[in-house]
Structures are given as C-alpha cells and as structure tokens.
Amino acid sequence: MARYGKKASTKVRKAMKERKRGTLRSGGSGKKVTSRKQAIAIGLSQARRAGGKVPRRQTRARTKSRAKGSRSSKR
C-alpha cells in the first residue's frame, strides 16, 4: 500500500520547481526557501491542506515517567 497519494507528489514537485526558480517563500517570515528538505515539507503541507493522502507529521511525545522523575528529584 502506498504511503503518499498522487496529489502529494504533484505538490512536492511543484514546490521543488519553485525552489529552483527562486520563487518559493516560507509561510511565516516570507523568506526565500533554499533548503531541499524545507521545500519538500512545504509541498507535503500543501497536499495535506488540499486533502491528499499524506501521513501525519511526526511529533515528539514526552514520556510521563521522565517528567515525573525530574520533578520528584528536586524535592
């Protein structure tokens, strides 16, 4: 089973072409994007918003036991 749909690949391809032309801009600051990885991330984000088949973003989950341990040791 494929992880990414067709819409994802077309959006990423378009973002990569924009990066090469120098017209791809980041959302927050509006700075020019030069990083390949950032261009891919922007393309996948656009595909998500368009309803394409794209896996969820990876999030860092803090472990509860680690947080409890650090608090109890300070007492």
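For reference, positions follow the sequence shown, starting with 1.
For the residue pair K7 and A50, the shortest heavy atom distance occurs at NZ-O, 3.3 Å. Heavy-atom minimum distance, A8 versus V54: CB-CG2, 3.7 Å.
The CD1 atom of I42 sits 11.0 Å away from atom CE of M16, with the distance rounded to the nearest 0.5 Å. Distance check, rounded to the nearest 0.5 Å: CZ of R49 to CD of Q46 gives 6.0 Å.
Atom CZ of R21 has more than 12 heavy atoms from other residues, nucleotides or ligands within 6.0 Å. For K53, the NZ atom counts as densely surrounded, since its 6.0 Å shell holds more than 12 non-hydrogen atoms of other residues, nucleotides or ligands. Under a cut-off of 6.0 angstrom, the local environment of CZ in R36 is sparse, with at most 12 non-hydrogen atoms contributed by other residues, nucleotides or ligands.
With a 4.5 Å cut-off on side-chain heavy atoms, K32 and L24 do not count as touching. Residues Y4 and V12 fail the side-chain proximity criterion, which asks for heavy atoms closer than 4.5 Å.
Using modelled atom types, no side-chain atom of R19 and backbone atom of A39 make a donor-acceptor pair closer than 3.5 Å.
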